[in-house]
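As structure tokens, the structure follows; a few thoughts come after it.
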Amino acid sequence: MREEANISYEDKIDYAFEYIHQLYDQPLQFGIILGTGLGQLINNIEIKLEIPYEEIPFFPISTVESHKGKLIVGQLSGKSVVAMQGRFHYYEGYSMKEVTFPVRVMKKLGIQYLFVSNAAGGLNPEYEIGDLMIINDHIDLFPENPLRGKNLNQYGVRFPDMSEPYDLSLVEKGLQIAKDNKLKIHQGVYAAVQGPNLETKAEYKYLRTIGGDAIGMSTIPEVIVARHMEVPVFAISAITDLCYPGKIKKVKLEEVLAGAAKAEPGMSLIIRELVREINN
Ligand code: HPA
């Protein structure tokens, strides 16, 4: 985030919002954040506007290693959406306030739902590479919380409830869409760590023991901030590698991308159909 003095976080959100709003002033109903290797959904969007992140005031600046991302505004299944092509990960060095800044801006743009995808390791021994898991709960193992510090009272309360972070009616709808389309589907608990290293065998065992079905390095910060603003969330993991005894091997990025590519068509279908079904 650019280091201008004397500009509050809330004002930075407002500046970013104003910039996007003057380029496109229609309300946007759905926010979408696409995970590693899961960007194909963009091909289903009738694109009206693309804004590189670096053009948006106060948007986090991409690190050298990370891909240059952009915000995509358009129509998906007849609804207006704003999608992030490329997200900010904590392991890249961003603060949690930076990681979740776009979610605040999307809320200002009018989103009534947030959809999130990610690539994750499978801790549940029933999972296979390329499977999809609709997230029905999470375990936050990040060392920092995006809501730490002064509460942004205009966005939400100091102690937001987290008893149902993932909207259960959306989980049910997602499961039904998968069933109707004969897609293999799971629902389960997503645990997230800061990364960037993968986990040890003992850590995988621990993560399974505490109740995780999948493990990744993203999503939870954005979900916490969305829930702070009472935005309903639907999130889904592509299982890209297996993390239970007998199946653990060295994880290569190419294999994660191959697993994501296998899961991607089903994931896009579920998101497209859910967006179509939700009436607002
Ligand atoms: N661990 C953590 N994050 C991941 C993994 C994993 O096994 N696979 C994809 N993202």
Side-chain angles (χ1 to χ4, degrees), residues 32-41 63 65-67 69 84-94 96 99-100 115-144 146 165-166 184-224 233 235-268 270-271:
I32 303 175
I33 304 174
L34 297 168
T36 306
L38 299 165
Q40 293 299 316
L41 181 73
T63 55
E65 313 92 274
S66 71
H67 297 285
M84 289 179 70
Q85 189 170 31
R87 66 141 60 87
F88 301 100
H89 296 93
Y90 185 71
Y91 63 73
E92 292 174 274
Y94 301 108
M96 282 300 188
V99 167
T100 56
F115 284 58
V116 191
S117 69
N118 60 53
L123 299 164
N124 185 320
E126 288 174 14
Y127 292 4
E128 291 171 320
I129 289 174
D131 282 2
L132 293 171
M133 184 192 88
I134 295 177
I135 303 177
N136 61 19
D137 207 343
H138 72 221
I139 301 175
D140 182 6
L141 298 168
F142 281 106
E144 192 189 332
Y166 304 89
K184 186 178 178 197
I185 194 81
H186 308 284
Q187 59 172 318
V189 175
Y190 176 80
V193 290
Q194 66 169 311
N197 61 283
L198 280 298
E199 293 71 36
T200 66
K201 289 196 182 84
E203 286 165 344
Y204 283 141
K205 191 173 164 191
Y206 160 76
L207 292 161
R208 180 64 184 152
T209 304
I210 64 170
D213 292 297
I215 174 69
M217 303 173 190
S218 69
T219 301
I220 293 178
E222 294 101 316
V223 172
I224 289 175
V233 175
I236 184 164
S237 294
I239 304 301
T240 56
D241 52 285
L242 303 179
C243 313
Y244 47 83
K247 293 286 185 178
I248 298 171
K249 55 186 192 117
K250 283 190 179 156
V251 178
K252 297 203 185 86
L253 180 62
E254 309 85 78
E255 287 167 3
V256 168
L257 294 177
K262 204 169 158 201
E264 204 287 329
M267 180 179 281
S268 276
I270 293 171
I271 294 177

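Just the heavy atoms: all of them, side chains too, but no hydrogens, waters or symmetry mates, feed the values below. In listed order, ligands and their atoms are each counted from 1.
- Evaluation of the ring pair (Phe, Tyr, Trp, His ring centres under 6.0 Å) rule for Tyr91 yields His89 as partners, not counting sequence neighbours.
- Near ligand 1, heavy-atom contacts under 4.0 Å come from Ala119, Ala120, Gly121, Leu198, Glu199, Tyr204, Ile215, Gly216, Met217, Thr240, Asp241, Cys243.
- Applying the salt bridge (Lys or Arg N to Asp or Glu O under 4.0 Å) criterion to Lys250, with sequence neighbours excluded, gives no partner residue.
- Among residue pairs with one or both ends in residues 236-268, none qualify as ring-ring contact (aromatic ring centres under 6.0 Å, His included); sequence neighbours excluded.
- Side-chain atoms of His186 and Asp131 form a donor-acceptor pair, as typed in the model, at a separation below 3.5 Å.
- Side-chain contact between Thr100 and Tyr90 is absent, with no heavy-atom pair separated by less than 4.5 Å.
- Counting heavy atoms from C-beta outward, Ile135 and Val116 have side chains that stay 4.5 Å or more apart.
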